[in-house]
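Convention: sequence-line order gives letters A, B, ...; per-chain numbering from 1. Treat the numbers as computed from the prediction; the structure is a model and nothing was measured.
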2 protein chains.
Amino acid sequence: MVPSPGKSVSSTQNGVPRAVVTRLSLYLRELQQLHQRGIETVSSGQLGKLLGFTDAQVRKDLAHFGQFGHPGIGYRCAELIDAVRRILGTDRNWSVALVGIGNLGRALLGYRGFQRQGFRIAAAFDAQLEKIGKSIEGVEVFSAERLEEIVRHRDIQLGMIAVPAPQAQQVADRLVAAGIQGIVNFAPVTISLPEQVSLVGVDLAIELEQISFAVVNRNGNG
Amino acid sequence: MVPSPGKSVSSTQNGVPRAVVTRLSLYLRELQQLHQRGIETVSSGQLGKLLGFTDAQVRKDLAHFGQFGHPGIGYRCAELIDAVRRILGTDRNWSVALVGIGNLGRALLGYRGFQRQGFRIAAAFDAQLEKIGKSIEGVEVFSAERLEEIVRHRDIQLGMIAVPAPQAQQVADRLVAAGIQGIVNFAPVTISLPEQVSLVGVDLAIELEQISFAVVNRNGNG
DNA sequence: ACATGTGAAAAAATTCACAGCA
DNA sequence: TGCTGTGAATTTTTTCACATGT
């Protein structure tokens, strides 16, 4: 059982720094946009410029995983998109359980961006009786009591926690007991997981705090 | 005009790495919890253990900003909370504009964690006529056309963007034109800002992608 | 000419380890 | 004894610069 505040920590996976994986997701996002606009190839310099990175950084990041470029040409967008999706694991379809159907939970249920990247919310859970049995955004809402049962039965691999902070650890424990492999925690609290389960934490207030700091300490870059 | 994907980049502010500032927010969150439980002092080792960091890292992070500890004792929670809030700038009250009242926008309007850290959503904006004039969660919803006017008049300093990706850059430009100082962008797209305006990006799909990668490449730590 | 991939160099972040204070 | 603050050592990450391929 190891405390893991989430993305903030630079813990590695397979020798690949977390920061590299985050940039990989950003590359993918840009590439998909370029591809949609009909652009066929892009150089490391162009891709980096879109995101504020150097060309060398783009190449070094990709070099962790193989050779994807064509000297003199750059990267073919469609090709690199496929490669990055394979690396990130978003070439498969993931089933996700959502626990907590408050304001944030409902927003997550309706978020179109998940579907687009291969994530499907396969079941939602809440403790409040009046929500149970309904279907929100096409997703069935179950009693939290049935969490283990449904997660197992539907072969759900990932979890998102959107319950109030005091319940987050308990929910995490139950998701783990149900055999889940990774969790995104939106509750503003640190949770501990056995180290074989992956965790990313998202704290909305912390994002604003980062902006607050940047504004107050604005002397150099912004 | 400089592209800034957000928190993922380790760009510095005042010589302080972004990663340090993120950990500062995590320290604050733990300290507030400890304080609430009536715990008066905490050592760097204890605080670090709660978050999965080393004692040295906690001390080095704080050392960027001054001396806050008491040899032989540790840190007094109340004292360090005050210090960290001053550093982060959350000792003041911030007024925030929210643009985009879809699912996510509504969730942000109802999010209690902002208030708790000194952030108040002072006005909300949407382009859809049927939402305008309403009050949601006690926050007035205005026509997007009035963005500059209201932001200026209410002296709003920060913005949150929760509109669809294609509109995000335009909204950002208008927030900047209205004199805003920092933006949290929830739209899944990279936006460019003049460098004197701070930016943090939050992409919900990317958070799941990070988990996906971690699950697929699980060999070492999780 | 153009752009990748990659060793080598540089810079940055983390950890070590200990002097000094309560 | 317990714990901070901090130089020094180490490790990690980024940048440089160039040989190689198209």
Separation of D/dT6 atom C1' from B/Asp61 atom CG, nearest Å, is 14 Å
Between A/Gln117 (side chain only) and B/Ile206 (backbone N and O only), is there a donor and an acceptor less than 3.5 Å apart? no
Applying side chain to side chain donor-acceptor pair (under 3.5 Å) to A/Glu30 and A/Gln46, what does each step give before you reach the verdict? CA-CA 11 Å; A/Glu30 293 302 327; A/Gln46 294 172 315; over 6 Å; no
Interatomic distance, B/His64 NE2 vs D/dT4 P [rounded to whole Å]: 18 Å
Residues which pass ring pair (Phe, Tyr, Trp, His ring centres under 6.0 Å) with A/Phe186, listed by chain and number, not counting sequence neighbours: none
note: B/Arg18, atom CZ; C/dA12, atom C1'; distance rounded to Å ~ 16 Å
In this structure, are over 12 heavy atoms from other groups packed under 6.0 Å from B/His70 atom NE2? yes
B/Glu40 atom CD, neighbour heavy-atom count above 12 within 6.0 Å: no
B/Tyr27 and B/Phe53 aromatic ring geometry - parallel, tilted or perpendicular at 30°/60° bounds: perpendicular
At under 4.0 Å between heavy atoms, which parts of nucleotides 2-9 of chain C does protein reach? Answer with one letter per nucleotide, 5' to 3': B base, S sugar-phosphate only, - none. BBBBBBB-
What is the distance from CZ of B/Arg76 to C1' of D/dC3, rounded to the nearest Å? 13 Å
